[in-house]
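Below is one structure; the comments refer to it alone.
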Amino acid sequence: MLKRTHSCQALRPGNIGETVVLAGWVNTYRDHSKALVFIDLRDREGLTQIVFDTADVPTEVVEAAQGLRREDVIAVRGTVRERGGGANPKLATGEIEVLASELEILNKAETPPILPDDHEAEKMNEEIRLKNRYLDLRRPKMQRILETRSRVAQFTRAFFHDRNFLEIETPLLIKSTPEGARDFVVPSRLEAGDWYALPQSPQLFKQILMIAGCERYIQLPKCLRDEDPRADRQAEFTQIDLEMSFVDRDDVLETMGGFAAALWQEMLGVDVGEIPRMTWREAMETYGIDRPDLRFGLEISDISDLAAKTEFGVFTSALEKKSPMGSGVVKAFRVPGGAERLTRKMTDGYSEWIKLFGAGGVPTTKCNGEGFESGVARFVEPIADELMERLGCEKGDTVFFTADTWEVATKAIGELRIKVARDLELIDEDAWKFVWVVDFPMFELDVESNRWVALHHPFTAPNPGQEGLLETDPGNCISAGYDLVCNGSEIGGGSIRIHRPEVQQKVFDLIGLTPEEAEMKFGFLLRALKHGAPPHGGIAFGLDRLIMHLVGTDNIRDVIAFPKTQSGGDLMIDAPGPIDDEQMKELHVRTVPTS
């Protein structure tokens, strides 16, 4: 076999006159005559034009080239020369071509069901591409994404290796523990009736590693959660998982924020600056979401005190509502210039759309500079001056309101803020806005079961000085959790962990775990905490989401080599699939018919 000397992206005018060997796939084929054949040869690096010309090479070489078709695998020996007919500025190798003297056909390809063409892929059904993923991955875009993913992994390992982190693997066959999503489970062949779970994260193991004295841990683990996929989530995904001992929150945020800034500088040449911090309460009140997108304005204001001065039934009835977060609220934001940019059809559509989030509709009005007109103007007339001052209204602005319980009104108006920004193209797509969200509530109350639920997970510690609230007022206990948000997407989250067994037991008690249940599910952790656990904390970055940001896609399946569909299937290998009766017998399981 001809041994290649260069990639298909490597040759430049400085190589003219050299004899080279290239290998790859036939990307395009052009037969100008029986005496002259052109092909573009492709490998993962790029393209090079190859010329077969009977004026310069044996006739049998050109005849063999005439039989080439797209996706045939070949190797070519030839001489680099200046490109005849002028340069192609669209190609990095566009100033040269290779005049072939020898051709080796390594593999003939059948007519492919899809072509590895970025332009064609945009028009193609995604299921067809996933079924033929080995062809889809040949596309230049997909090769660049895989290269980016590899570079990020290499950079990550080097960054944390330089900071004295140890890369340590944790097991894939573990015990089922409640962590918020359903576990994937695996039957044990050797222990009839018992089951392993696949890890949703290495959370407990990395805490055990801190107790074991490893002090600084990193891993790029596979995590598995049996939950419905969506555009930015897969049942099987990869984390950059880290933990540190003898640290507080500031230490973790400084180190991990430094990593994120260094990664963006390395991959994109972008200086994200010092990453600001925002409390959970501030994020929810100002942006209606705990992962705020700071690339645009449209800040939200709570106007409940003003709404109470009106006789508008939508407002007053909402203020009388009660929920775990207290009394109902009225919230609003203004859209600068909305009177001209927002049509009646759009605003009516928002009132229907917002019902998806539990709200009854979107009261609306317009500012005329002296007060309000149209919509609910007559209802807000008693508070017009105060409302204009509170929101900073100017002539031509549109104002949107929501009124409901705090939970419903906040979520609904937060989602509306994002939709309006997208519809009016207010988002700066070239901007990078990072923010740490901190000071989350430790718990939220599950109304149906009337018990507390850990907002992050039950191993998150209270903020220093908050431990006493676990017994006296858990609803107002603030956790030492934190999320790193980039452009409205959570790319990492973590916390300072509980390192004292009595505090961990109090949390288990609050979330309704009996001592027996805690022992059964987490006994190994509770025992470990009793043997000298250091203060520790960490974070997990979603590697797939990082890559999505860096390559500019909103589809997580673009950044995973072999992803699952929305229904959790792998179309290329046709998984999941049945197993035979003998295998089920060995595993002590059987199929139960569905009704």
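In what follows, residues are counted from 1 in the order of the sequence shown. What you are looking at is a predicted structure, and each value in this text was computed from that prediction instead of being measured.
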Check: Hey, mind stepping through Asp404 and Lys321 against salt bridge (Lys or Arg N to Asp or Glu O under 4.0 Å) and telling me if it holds?
Finding: CA-CA 7 Å; Asp404 212 297; Lys321 293 184 177 182; 3.2 Å; yes
Check: Do Arg545 and Glu490 touch side chain to side chain, with heavy atoms closer than 4.5 Å?
Finding: yes
Next item on the list: Might you confirm whether atom CD of Glu502 has over 12 heavy atoms from other residues, nucleotides or ligands at distances under 6.0 Å?
Entry: yes
Item checked: side chain to side chain donor-acceptor pair (under 3.5 Å), paired with Arg497, selected from Glu243, Gln504, His536 -> Glu243
Next item on the list: Can you establish whether the number of heavy atoms outside Lys175 located under 6.0 Å from its atom NZ is more than 12?
Entry: yes
Notebook entry, point to check: What is the distance from atom CZ of Phe155 to atom CG of Leu263, rounded to the nearest 0.5 Å?
Noted result: 5.5 Å
Notebook entry, point to check: Are Phe333 and Phe401 close enough that their ring centres sit under 6.0 Å apart?
Noted result: no
Note to self: Walk me through whether Arg182 and Glu227 qualify under salt bridge (Lys or Arg N to Asp or Glu O under 4.0 Å).
What the structure shows: CA-CA 7 Å; Arg182 287 183 296 271; Glu227 55 189 2; over 6 Å; no
Next item on the list: For the pair Tyr482 (side chain) and Gly494 (backbone), establish whether a donor and an acceptor sit closer than 3.5 Å, ignoring hydrogens and angles.
Entry: no
Notebook entry, point to check: Rounded to the nearest 0.5 Å, how far apart are CH2 of Trp264 and SG of Cys486?
Noted result: 5.0 Å
Next item on the list: Report, as yes or no, whether the 6.0 Å neighbourhood of atom CG on Asp162 holds more than 12 heavy atoms from other residues, nucleotides or ligands.
Entry: yes
Notebook entry, point to check: Is a side-chain N or O of Gln143 found less than 3.5 angstrom from the main chain of Leu137, in a donor-acceptor match?
Noted result: yes
Checklist line | Within-4.5 Å side-chain heavy-atom neighbours: Met548 and Ile556 | finding: yes
Next item on the list: For the pair Phe508 and Phe522, name the ring-plane relationship: parallel under 30°, tilted 30 to 60°, perpendicular over 60°.
Entry: parallel
Next item on the list: Mind running salt bridge (Lys or Arg N to Asp or Glu O under 4.0 Å) on Glu519 and Arg527 for me, showing each step along the way?
Entry: CA-CA 9 Å; Glu519 175 62 31; Arg527 289 189 294 274; 2.7 Å; yes
Next item on the list: Please tell me if the side chains of Asp290 and Met284 come closer than 4.5 Å, counting only heavy atoms from C-beta onward.
Entry: yes
Notebook entry, point to check: Just wondering, are more than 12 heavy atoms of other shown residues or ligands nearer than 6.0 Å to CD in Glu167?
Noted result: yes
Item checked: Minimum side-chain heavy-atom gap Phe259-Glu254 below 4.5 Å -> no
Item checked: Trace of the side-chain contact (heavy atoms from CB on, under 4.5 Å) decision for Tyr196 with Val185 -> CA-CA 6 Å; Tyr196 298 104; Val185 294; over 6 Å; no
Margin query: Closer than 3.5 angstrom, by distance alone: can the side chain of Arg277 be matched with the main-chain N or O of Val437 as a donor-acceptor pair?
Written below: no
Checklist line | Donor-acceptor contact present, side-chain Lys331 to main-chain Ile300, <3.5 Å | finding: no
Notebook entry, point to check: Listed by chain and number, what are the salt bridge (charged side-chain N to carboxylate O under 4.0 Å, His left out) partners of Arg281, not counting sequence neighbours?
Noted result: Glu285
Next item on the list: Take Asp439 and Thr279, measure what side-chain hydrogen bond (donor to acceptor under 3.5 Å, both in side chains) needs, and give me the verdict at the end.
Entry: CA-CA 5 Å; Asp439 291 347; Thr279 67; 5.7 Å; no
Next item on the list: Check whether any side-chain heavy atom of Met244 lies under 4.5 Å from a side-chain heavy atom of Glu215, and answer yes or no.
Entry: no
Margin query: Just to verify, what does Lys530 make a salt bridge (charged side-chain N to carboxylate O under 4.0 Å, His left out) with, not counting sequence neighbours?
Written below: none
Checklist line | Ile303 and Arg390, any side-chain heavy atoms less than 4.5 Å apart | finding: yes
Notebook entry, point to check: Please walk me through it: do Gln219 and Thr170 pass side-chain contact (heavy atoms from CB on, under 4.5 Å)?
Noted result: CA-CA 8 Å; Gln219 185 186 188; Thr170 54; 3.0 Å; yes
Checklist line | Test of ring centre spacing under 6.0 Å for Phe440 and His456 | finding: yes
Next item on the list: Please check if the side chain of Arg291 supplies one atom and the backbone of Gly488 the other of a donor-acceptor pair under 3.5 Å.
Entry: yes
Notebook entry, point to check: Are more than 12 heavy atoms from other residues, nucleotides or ligands located less than 6.0 Å from atom CD of Glu517?
Noted result: yes
Next item on the list: Show your working on side-chain hydrogen bond (donor to acceptor under 3.5 Å, both in side chains) between Gln265 and Asp271 and close with a plain yes or no.
Entry: CA-CA 6 Å; Gln265 184 66 56; Asp271 180 3; over 6 Å; no
Notebook entry, point to check: Phe237 versus Lys222: any side-chain heavy-atom pair under 4.5 Å?
Noted result: no
Check: Between Trp280 and Pro441, is any pair of side-chain heavy atoms under 4.5 Å apart?
Finding: yes
Notebook entry, point to check: If only atom types and distance count, is the side chain of Arg149 paired as donor or acceptor with the main-chain N or O of Ile547 below 3.5 Å?
Noted result: no
Item checked: Within 45° cone of Phe159 ring axis and under 6.0 Å: Arg163 NZ or CZ -> yes
Check: Do Glu299 and Tyr287 pass the side-chain contact (heavy atoms from CB on, under 4.5 Å) test, and can you show the C-alpha distance, the side-chain angles, and the key distance before you say yes or no?
Finding: CA-CA 6 Å; Glu299 289 85 356; Tyr287 302 101; 4.0 Å; yes
Next item on the list: Would you confirm whether Thr286, through its side chain, and Glu282, through its main-chain N or O, come within 3.5 Å as a donor-acceptor pair?
Entry: yes
Next item on the list: Test Leu546 against Ile240 for side-chain contact (heavy atoms from CB on, under 4.5 Å), laying out the working first.
Entry: CA-CA 10 Å; Leu546 287 177; Ile240 300 173; 3.7 Å; yes
Margin query: Determine whether Glu127 and Thr565 satisfy the following criterion, side-chain hydrogen bond (donor to acceptor under 3.5 Å, both in side chains), listing intermediate values before the conclusion.
Written below: CA-CA 8 Å; Glu127 290 189 358; Thr565 63; over 6 Å; no
Checklist line | Criterion side-chain hydrogen bond (donor to acceptor under 3.5 Å, both in side chains) on Asp302 and Ser304, from CA distance to verdict | finding: CA-CA 6 Å; Asp302 188 322; Ser304 301; 2.6 Å; yes
Checklist line | Contacts of type salt bridge (charged side-chain N to carboxylate O under 4.0 Å, His left out), residue Asp136, not counting sequence neighbours | finding: Arg129, Arg133, Arg139
Note to self: Could you check, using the six-membered ring where one of them is a Trp, whether Tyr217 and Phe165 have ring centers closer than 6.0 angstrom?
What the structure shows: no
Check: Do Glu147 side-chain atoms and Ile145 backbone N/O form a donor-acceptor pair below 3.5 Å?
Finding: no
Notebook entry, point to check: Short question: side chain of Ser188, backbone of Asp194 - any donor-acceptor pair under 3.5 Å?
Noted result: no
Check: Counting only N and O atoms by type, is there a donor-acceptor contact under 3.5 Å from the side chain of Glu266 to the main-chain atoms of Val152?
Finding: no
Check: Between CD1 of Ile211 and CG of Leu529, what distance do you get to the nearest 0.5 Å?
Finding: 4.5 Å
Notebook entry, point to check: Of the options Val399, Asp397, Leu424, which is the one that meets Val335 in a side-chain contact (heavy atoms from CB on, under 4.5 Å)?
Noted result: Leu424
Note to self: Atom CZ of residue position Phe357 - does it have more than 12 heavy atoms of other residues, nucleotides or ligands inside 6.0 Å?
What the structure shows: yes
Next item on the list: Flag the pair Lys506 and Glu471 as a salt bridge only when some basic side-chain nitrogen lies within less than 4.0 angstrom of an acidic carboxylate oxygen.
Entry: yes
Check: Got a sec: does the CZ of Arg295 have more than 12 other heavy atoms crowding it under 6.0 Å?
Finding: yes
